[in-house]
Novice: 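Here it is: the structure, laid out below.
Here is the naming used below: chain letters follow the sequence lines, and residue numbers restart at 1 for every chain. All values below come from the heavy atoms of this structure, side chains included, with hydrogens, waters and symmetry mates left out.
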There are 2 protein chains.
Amino acid sequence: MTESKRPSRDLREACLAEALAVIASDGVEKLSLREVARRLGVSHQAPYKHFPSRDHILAGVVARAFADFAAYLDRCLAGGDPAIELEAMGQAYLDYASAHPLEYRLMFGTPLPEPEAHPEMMRQARHAFALLCEGLRRKAEAEGLALSDEEVNRDAMFIWSGLHGFAAISTSTILGSLGFEPHHMQAARAHLFCAIGKALKP
Amino acid sequence: MTESKRPSRDLREACLAEALAVIASDGVEKLSLREVARRLGVSHQAPYKHFPSRDHILAGVVARAFADFAAYLDRCLAGGDPAIELEAMGQAYLDYASAHPLEYRLMFGTPLPEPEAHPEMMRQARHAFALLCEGLRRKAEAEGLALSDEEVNRDAMFIWSGLHGFAAISTSTILGSLGFEPHHMQAARAHLFCAIGKALKP
DNA sequence: AAGGCAAGGTAGACATTGTCAACTCCCTCG
DNA sequence: CGAGGGAGTTGACAATGTCTACCTTGCCTT
């Protein structure tokens with residue numbers, strides 16, 4: 001009986017995991033602390049000992065997703081040809097969105113309450129954007145170009161727009177009723193990367 | 001006293017308008033039929049005579065936003081050079097998003113309730129996408145190209161991704177903590193259109 | 001080692017919400 | 001003129017977020 005003695009950290013973890021499970025099965029709007037507590041077999045007030053409010057447990061789930069996402073992108077910076085690295089990072093961006101549509105939509109498609117109240121989340125977002133800028137700068141250097149910060153930012157914003165737009169559309173429910181099927185999206189994705197590459201050529 | 005006699009259609013309209021007002025002031029998650037009814041000074045059940053459920057009133061608001069949006073884009077198809085028309089439509093897309101960030105986020109940034117349960121909402125969405133495809137097709141024709149539906153769809157998806165991504169990022173709160181200022185976004189927007197144009201050249 | 005003490009967990013209460021059912025009012029159509 | 005039905009009202013019920021008051025238990029202080 002070494003368990004259920006000091007479950008403090010355990011319950012917090014379990015709440016986060018179970019909250020994600022609830023969102024996955026019933027949607028984010030059906031997330032309720034009582035449902036989480038019920039599934040975990042604890043009282044309806046137990047989660048309140050770890051999260052001040054429903055918004056805070058949701059923010060906790062989102063923060064975890066951001067951390068995962070950043071780690072996912074980080075794995076692409078293994079060193080090597082900057083152009084290939086950059087492309088790999090773009091692919092990883094969409095891979096993550098398609099492998100974890102739930103988390104992606106939570107991060108970028110859900111109105112989060114008080115973004116400035118969760119600085120860790122924003123820090124991760126800044127980190128991801130900085131990775132993209134860094135990749136662009138390295139690629140430009142490798143090609144002998146000297147880009148100003150402004151130019152890097154503009155290119156980064158263009159790429160980010162394309163990737164985020166595609167990811168958001170892909171993980172949205174609109175696609176189904178627009179008549180798009182998986183193999184269409186596969187082709188569209190390849191076309192997107194091709195188009196972005198073409199636009200980046202001087 | 002010619003009013004409040006047959007307010008049937010009026011109440012439906014008033015509900016939609018007031019629902020949008022509620023969303024604007026308190027956020028979409030605080031939209032409740034009872035709050036709408038309270039603001040309109042009617043009983044908490046009155047809206048149910050026009051909308052079967054809370055999701056249906058939300059879908060009604062979104063459908064109206066899609067219709068407005070499509071009308072906004074439609075104004076660009078006044079005839080003339082298809083290439084200029086298409087560019088104007090892209091500008092109108094971002095203009096709408098920046099002029100009506102609330103509605104834009106409702107349409108594309110909110111988990112919509114059961115799309116197949118609200119065919120009118122999806123019909124409006126399909127219409128907006130069809131406008132983009134139509135613009136692309138006309139431009140290709142004017143240039144003497146014969147594009148297959150697949151190619152049109154892929155180009156449309158690329159453009160839509162770029163526009164939507166930019167619009168979503170622009171209307172999000174991330175920008176602030178990323179250090180972007182309005183004139184940066186102005187330049188980034190011009191750069192985006194330039195890049196998209198470059199990518200569309202064969 | 002005894003006694004508190006604070007963190008973690010439980011139970012009950014209250015306001016608010018979505019939604020169902022039964023009721024009233026009044027216009028319209030036969 | 002009277003029946004019918006659409007529009008609106010009232011009442012009720014379950015579920016939820018959140019507050020307050022209680023219990024439990026391992027640890028720390030003296």
Novice: May I have the distance from Glu13(A) (atom CD) to dG8(C) (atom C1'), rounded to whole angstrom?
Specialist: 16 Å
Novice: To the nearest angstrom, how far is Leu11(B) atom CG from dC26(C) atom C1'?
Specialist: 16 Å
Novice: What does Ile57(A) touch in the nucleic acid at a heavy-atom separation under 4.0 angstrom: a base, only the sugar-phosphate, or nothing?
Specialist: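 Nothing: the residue Ile57(A), judged by heavy atoms under 4.0 Å, touches no strand.
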Novice: May I have the distance from Arg54(A) (atom CZ) to dT17(C) (atom P), rounded to whole angstrom?
Specialist: 15 Å
Novice: DNA chain D: Lys49(A) or Arg38(A), which has the more 5' nearest nucleotide?
Specialist: Arg38(A)
Novice: Round to the nearest Å and state the distance from Glu29(B) atom CD to dT16(C) atom P.
Specialist: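 Rounded to whole Å, this separation is 18 Å.
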Novice: So what does Leu40(A) hit on the nucleic acid, given a heavy-atom distance under 4.0 Å: a base, only sugar-phosphate, or nothing?
Specialist: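 Answer is nothing: Leu40(A) stays at 4.0 Å or more from every strand.
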Novice: Please report the distance, rounded to the nearest Å, between CG in Leu33(A) and C1' in dT18(D).
Specialist: 9 Å
Novice: Evaluate Leu73(B) against Leu132(B) for side chain to side chain contact (heavy atoms under 4.5 Å, CB included), listing each step before the verdict.
Specialist: CA-CA 9 Å; Leu73(B) 296 186; Leu132(B) 173 56; over 6 Å; no
Novice: Do Arg39(B) and Asp26(B) sit within salt-bridge range, that is, some charged N less than 4.0 Å from a carboxylate O?
Specialist: yes
Novice: Mind checking Arg34(A) for me? I need base, sugar-phosphate or nothing, with any heavy atom below 4.0 Å counting as a touch.
Specialist: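 Base contact.
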Novice: Any side-chain N or O of Tyr48(B) less than 4.0 Å from the OP1 or OP2 oxygen of dT19(C)?
Specialist: yes
Novice: Closer to the 5' end of DNA chain C via nearest nucleotide, is it Val42(A) or Glu35(B)?
Specialist: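 That would be Val42(A).
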Novice: Within 45° of the ring axis of Tyr72(B) and under 6.0 Å from its six-membered ring centre, is that where the NZ or CZ of Arg75(B) lies?
Specialist: yes
Novice: Please compare Gly41(B) and Ser32(A) by the position of their nearest nucleotide in DNA chain D and report the one closer to 5'.
Specialist: Gly41(B)
Novice: Counting only side-chain N and O atoms of His44(B), is one of them less than 4.0 Å from OP1 or OP2 of dT16(C)?
Specialist: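 So the side-chain polar atoms of His44(B) never come under 4.0 Å of the phosphate oxygens OP1 or OP2 of dT16(C).
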Novice: In whole Å, I'd like the distance from the CG atom of Asp55(B) to the P atom of dT17(C).
Specialist: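 Between P of dT17(C) and CG of Asp55(B): 16 Å.
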Novice: When the distance from NZ of Lys30(A) to P of dG18(C) is rounded to whole Å, what number comes out?
Specialist: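 Going from Lys30(A) (NZ) to dG18(C) (P), I get 12 Å.
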Novice: I need the minimum non-hydrogen distance between Cys76(B) and Ala88(B), along with the two atoms involved.
Specialist: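 Looking at all heavy atoms of both residues, the closest pair is SG-O, 3.6 Å.
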Novice: Rounded to whole angstrom units, what separation is found between the CD atom of Gln45(B) and the C1' atom of dG6(D)?
Specialist: 15 Å
Novice: Do the side-chain N and O atoms of Tyr104(B) and His164(B) include a donor-acceptor pair separated by under 3.5 angstrom?
Specialist: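 Note: Tyr104(B) and His164(B) side chains meet the donor-acceptor criterion.
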